[in-house]
Amino acid sequence: MFDKILVANRGEIALRVIRAAREMGIQTVAVHSTADTDAMHVRMADESVCIGPPPGTDSYLSIPSIIAACEITGAQAIHPGYGFLSENANFVQIVDDHDLTFIGPTAKHIQVMGDKITAKDTMKELGVPCVPGSDGGVPDLETARALCKDIGYPVIVKATAGGGGRGMKVAQTADDIDMAFQTARSEAKAAFGNDEVYIEKYLTTPRHIEIQVFGDGKGKAVHLGERDCSLQRRHQKVLEEAPGPCISEEERARIGKICADAVAKIDYAGAGTIEFLYENGEFYFIEMNTRLQVEHPVTEAIFDVDLVREQIRVAAGLPMSFTQDDLSINGHAIEVRINAEKLPEFAPRPGRISQFHAPGGLGVRMDSALYDGYTIPPHYDSLIAKLIVHGPDRASALARLDRALGELIVDGVDTTVPLFHALLQENDVLDGSYNIHWLEHWLETNLQD
Ligand code: ADP
């Protein structure tokens with residue numbers, strides 16, 4: 001096992017990793033920008049190294065600075081958290097070249113899953129159901145037109161190099177395909193420097209269901225059920241829950257086994273998430289994330305596992321501490337993402353926290369790097385806290401969420417907490433009957449000035 005690991009991240013996820021390491025008796029090194037000198041992750045780690053000025057590109061994304069911080073402190077392994085360098089295959093290769101350990105999958109797996117076409121081809125080959133569509137990139141408009149006739153409208157044109165919901169255009173009918181194809185291409189070129197696009201059948205009312213997988217890198221893998229992340233704004237998840245309100249035990253076992261078998265076959269190491277759109281009882285693969293997800297705590301709650309501990313164990317060459325048979329679901333968990341943003345426009349509101357009080361009590365987990373008097377810097381993501389509740393069933397988890405939100409105090413900046421109070425009044429949320437478009441429609445009618 002490692003003696004010391006470096007956490008190449010900030011905020012709540014850096015604390016999450018430091019906590020797991022401490023429980024394992026592992027020393028931790030925080031890295032930080034000059035904007036984060038007073039940040040909680042710096043205070044909580046055993047050691048810290050300043051790696052650059054505030055912009056992420058000059059600090060948390062600076063590969064030479066992070067490698068140097070490992071060398072200075074003698075850290076043997078790097079946990080990337082999520083975002084920043086967590087899915088950067090080049091970084092993983094450099095970590096390997098310096099005889100350090102990356103706590104996550106191999107550079108090769110990150111690369112394959114980072115390209116949407118190779119990811120889809122690989123998954124298809126491994127028996128994972130995919131959205132019907134083109135085999136690979138679509139070179140020109142003529143091919144696109146012919147293909148869409150076969151697939152059937154509506155279709156969605158997507159950038160191969162896409163991410164963050166950019167470079168995607170829907171064509172409802174044959175009249176729209178020329179425009180959708182050209183616009184997606186030019187958007188992709190502008191955003192990613194690569195204008196390759198592919199085409200898929202557009203699903204009109206799907207849910208976002210993702211399967212948590214975990215592999216030991218040596219041909220063994222398990223699944224830890226699904227998370228329903230359908231409540232989204234601009235393709236960003238807002239609330240996540242596990243298990244999915246509309247997934248039966250049989251469906252979970254079937255799709256879970258397909259996913260676990262797929263990652264076992266490629267000797268995948270560590271945590272991964274296979275994302276699907278789910279419509280009319282069918283799962284359609286859209287992408288795989290080769291890292292820990294923001295919403296991993298809901299899975300941890302219902303399976304009573306520590307996914308970060310498990311990531312560190314597997315990276316150190318130890319076997320996973322559970323088998324598929326050891327894993328069973330207990331109750332229901334819900335996470336809400338609390339951002340420092342002003343409603344209704346969700347405008348970022350960094351600033352000084354004059355008072356902070358975290359909710360507590362049975363079944364309540366608060367992952368946050370806030371403290372009284374902390375000043376949120378303007379340079380990073382606006383996520384300031386994740387509130388996770390766990391109860392014996394969905395109704396009790398919802399009641400607990402309502403209770404915990406009522407206890408939370410964040411004074412000094414605007415937050416998205418009022419959104420969650422409002423959502424808890426909605427029958428569709430209480431019933432769990434929403435698809436990926438529900439929140440956008442609700443926001444249009446309910447959150448105008
Ligand atoms: P990104 O990597 O940019 O987030 P994804 O492929 O994960 O792109 O898709 C993001 C979102 O776009 C999905 O969660 C879904 O809302 C929508 N989407 C993508 N593909 C389809 C599809 N074939 N049909 C309907 N919606 C889709």
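One-based numbering, in listed order, for ligands and for the atoms of each. Heavy-atom basis, side chains included; hydrogens, waters and symmetry copies ignored.
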Return the option from [options] holding the heavy atom at the smallest distance from [atom].
{"atom": "atom 23 (N) of ligand 1", "options": "Lys237, Lys120, Lys201", "answer": "Lys201"}
{"atom": "atom 22 (C) of ligand 1", "options": "Leu277, Val131, Asn435", "answer": "Leu277"}
{"atom": "atom 9 (O) of ligand 1", "options": "Met288, Glu287, Met168", "answer": "Met168"}
{"atom": "atom 6 (O) of ligand 1", "options": "Arg234, Glu279, Lys116, His208", "answer": "Lys116"}

Please identify which atoms of ligand 1 are closer than 4.0 Å to at least one heavy atom of [X].
{"X": "Lys158", "value": "6 (O), 19 (C), 20 (N)"}
{"X": "Ile436", "value": "15 (C), 16 (O)"}
{"X": "Ile156", "value": "22 (C), 23 (N)"}

Aromatic contact, Phe303 with Phe322 (centres under 6.0 Å) =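 No, they do not, as the ring centres are separated by 6.0 Å or more.
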request  = Taking all heavy atoms of Val7 and all of Ala14, pick out the closest pair and write down the distance.
outcome  =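 So the minimum-distance heavy-atom pair works out to CG1-CA, 3.8 Å.
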For [atom], what's the nearest protein heavy-atom neighbour? Residue, atom name and distance, please.
{"atom": "atom 26 (N) of ligand 1", "answer": "Tyr202 CE1, 3.6 Å"}
{"atom": "atom 3 (O) of ligand 1", "answer": "Gly165 N, 2.5 Å"}
{"atom": "atom 11 (C) of ligand 1", "answer": "His235 ND1, 3.4 Å"}
{"atom": "atom 13 (C) of ligand 1", "answer": "Ile286 CD1, 4.0 Å"}

Do [X] and [Y] pair up side chain to side chain, a donor and an acceptor below 3.5 Å, judged on atom types alone?
{"X": "Arg227", "Y": "Thr273", "value": "yes"}
{"X": "Gln212", "Y": "Thr299", "value": "no"}
{"X": "Thr416", "Y": "Arg337", "value": "no"}

task = Please determine which of Thr205, Leu277, Leu231, Leu203 meets the side-chain contact (heavy atoms from CB on, under 4.5 Å) test together with Asn435.
result =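 Single side-chain contact (heavy atoms from CB on, under 4.5 Å) partner of Asn435 among Thr205, Leu277, Leu231, Leu203: Thr205.
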ask   = Given the rule in the side chain to side chain donor-acceptor pair (under 3.5 Å) test, do Asp176 and Tyr153 qualify, once you have shown the distances and angles that lead to the verdict?
value = CA-CA 10 Å; Asp176 309 328; Tyr153 286 93; over 6 Å; no
task = Say whether Leu203, considering both its backbone and side-chain N or O atoms, lies within less than 3.5 Å of an N or O atom on ligand 1.
result =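 In this structure, Leu203 places an N or O atom under 3.5 Å from an N or O of ligand 1.
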query = So, Arg313 and Asp216, do they make that salt bridge, N to O below 4.0 Å?
reply =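 Salt bridge: no.
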